[in-house]
Amino acid sequence: MAGERYCAAADRRLARALKATWAGRVSSGKGVGGQRGVAPDGSAAEVVEAVHRAVRNDQGGLMVYTVGISVLGQWGLLREARMLESDMEADGVAHDVYSLTALMSAHAHHGDVLNVRRLFRRCCDVARTRTGREFEPNNPTTLNALLLAHVNNKDPEGLFDAYYYITRTQRVNPNIVMVTTALLAFEEYPAAWAFFSEELKRYKLSPNIVTYNNLLSACHGDLDVRGAEEVLSMLEEDCISPTSVTYTLLMALYRRAGDVDKALLMYPKVVDRTSIPVVRELLKCVAAAGDADLLPAACKAYTAAVGDGAPPLTLATALLSAYKALGLRTEQDALYKELCTQHRYLPVEIHALCGGPETNTSAS
């Protein structure tokens, strides 16, 4: 018995060490864009090999497989996560709720609602076998994966229905992460605020910065600038510091509401000014302002964000649109040609993001 406990503890230590190593590689920005959800170059094979090596040396089992599947899922590598699951089953390692949850999260990343529901039913079967209770598990991470599948499938109605089924029909008390995810079902601030205040009061929860950012997202549906400023006041009252995501959401809201000057005032408050979402929004603000004097700083941020790799298409087309808005046809043509010839983007992809084929067709 003592030996089994020792092995389980070693399993946990190894799993934690592997997870910290792989998470660190993403957060350090090594790889494609340094973004969460993007695997550092060559790391998928590294993850799989590390898991297999641990299993061969009797240094790991279920927990190590779970961490491997979880990390691959976070990087959006669904095929690799499923292959690792097949290896796990071939090794005779049975799933538990946590390993199935890791696989659910991998499918949720792709908005694969059907497979997430299938895996959720397996989670319930596993938990029911162990507890004898219906509707198990009530693990918030498992339930949140079910909600995230609807978010990534762009299905706000399905998201809201799933949340209410879990919390009202099955009477599972949500945590703040689940409430935060459910906020993405709302496209207007008043409805989001009503839901937010009711759930926090009902379940005695404390919001975090992600909760408030999702509440800000709801302001975009009806361009509710006043609602956004109310959210900022709540952040101040709760002594929560805004993040780069907060200011980027505000930049986008003010720009879309026609107040480009106020949008640009948000940019200096951003900590990570060369992250891809921030630079993309800055370029959109430059295009909306129609001020060529703003372009050099935005181009400098673009160069820093791209680095030595290929520019993400959504970022490159934001620069293309800025050139177009400022009437810089030479620069526009040169970037269009670079995207088509050097980076192999299709003209139809570029035109779709730039608002139509009138952007340029000379390089196609």
Give a yes or no on this: more than 12 heavy atoms of other residues, nucleotides or ligands lie within 6.0 Å of atom [atom1] of [X].
| X | atom1 | value |
| --- | --- | --- |
| Glu229 | CD | yes |
| Met234 | CE | yes |
| Glu187 | CD | no |

First locate atom [atom1] of [X], then atom [atom2] of [Y], and finally report the distance between them rounded to the nearest 0.5 Å.
| X | Y | atom1 | atom2 | answer |
| --- | --- | --- | --- | --- |
| Leu294 | Cys299 | CG | SG | 11.0 Å |
| Arg280 | Tyr302 | CZ | OH | 12.0 Å |
| Glu85 | Leu72 | CD | CG | 12.0 Å |
| Thr243 | Asn213 | OG1 | CG | 4.5 Å |
| Cys219 | Trp193 | SG | CH2 | 11.0 Å |
| Met251 | Ser244 | CE | OG | 10.5 Å |

Should Asn214 and Leu184 be marked as a side-chain contact (heavy atoms from CB on, under 4.5 Å) after you check the CA-CA gap, both sets of side-chain angles, and the distance that decides it?
-> CA-CA 6 Å; Asn214 284 0; Leu184 295 172; 3.7 Å; yes
Quickly, which of Arg256, Arg273, Arg255 forms a salt bridge (Lys or Arg N to Asp or Glu O under 4.0 Å) with Glu281? Name it, please.
-> Arg255
Is the closest side-chain heavy-atom distance between [X] and [Y] below 4.5 Å?
| X | Y | result |
| --- | --- | --- |
| Ile166 | Gln170 | no |
| Glu46 | Glu49 | no |
| Asp291 | Leu326 | no |
| Leu295 | Leu328 | yes |
| Thr180 | Asn208 | yes |

Please report the C-alpha distance between Asp87 and Val93 in whole Å, then the side-chain angles of each, then the deciding distance to 0.1 Å, and finally whether the side-chain contact (heavy atoms from CB on, under 4.5 Å) criterion is met.
-> CA-CA 9 Å; Asp87 295 342; Val93 179; over 6 Å; no
Begin with the C-alpha distance, continue with both residues' side-chain angles, and end with the deciding distance and a verdict on side-chain contact (heavy atoms from CB on, under 4.5 Å) for Leu315 and Leu283.
-> CA-CA 8 Å; Leu315 180 61; Leu283 287 166; 4.0 Å; yes
Counterpart residues, side-chain hydrogen bond (donor to acceptor under 3.5 Å, both in side chains), relative to [X] (two or more places apart):
| X | result |
| --- | --- |
| Asn144 | Thr181 |
| Glu230 | Tyr189 |
| Asp96 | Ser99 |

Do [X] and [Y] sit in the same hydrophobic cluster, where Ile, Leu, Val, Met, Phe, Trp and Tyr count as joined when their side-chain heavy atoms come under 4.5 Å apart?
| X | Y | result |
| --- | --- | --- |
| Val271 | Leu264 | no |
| Met83 | Met104 | no |
| Leu77 | Leu103 | yes |

Side-chain ion pair, Glu198 and Arg168, N-O less than 4.0 Å = yes
Shortest non-hydrogen contact from [X] toward [Y]:
| X | Y | value |
| --- | --- | --- |
| Ile350 | Cys340 | CD1-SG, 3.7 Å |
| Leu84 | Gly68 | CD2-C, 3.7 Å |
| Ala228 | Leu250 | CB-CD2, 4.1 Å |

Would you be so kind as to tabulate the donor-acceptor pairs closer than 3.5 Å made by side chains of residues 146-163, with sequence neighbours excluded?
unit_1	atom_1	unit_2	atom_2	d
His150	ND1	Asp155	OD2	3.2
Asn152	ND2	Ala108	O	2.7
Asn152	ND2	Leu148	O	3.4
Asp155	OD1	Gly158	N	3.0
Tyr163	OH	Glu199	OE1	2.5

Sequence neighbours left out, what passes side-chain contact (heavy atoms from CB on, under 4.5 Å) with Thr303? Give chain and number order.
-> none
Indicate yes or no for a side-chain donor-acceptor contact from His110 to the backbone of Gly76 under 3.5 Å, with no hydrogens or angles considered.
-> yes
Just by distance, do the side chain of Gln342 and the backbone of Leu339 share a donor-acceptor pair under 3.5 Å?
-> no
Flag the pair Phe186 / Phe195 as yes when their ring centroid distance falls below 6.0 Å, and as no otherwise.
-> yes
If you measure only the distance, is there a donor-acceptor pair under 3.5 Å linking the side chains of [X] and [Y]?
| X | Y | result |
| --- | --- | --- |
| Gln74 | His109 | no |
| Asp91 | Tyr65 | yes |
| Tyr212 | Asp238 | yes |

Check: residues 118-125 side-chain donor-acceptor pairs under 3.5 Å, at least two apart:
unit_1	atom_1	unit_2	atom_2	d
Arg118	NE	Asn115	OD1	2.9
Arg118	NH2	Asn115	OD1	3.1
Asp125	OD1	Arg128	NH1	2.9

After noting the C-alpha distance and the side-chain angles of Tyr323 and Leu319, does the key distance pass the side-chain contact (heavy atoms from CB on, under 4.5 Å) rule?
-> CA-CA 6 Å; Tyr323 285 150; Leu319 180 56; 3.7 Å; yes
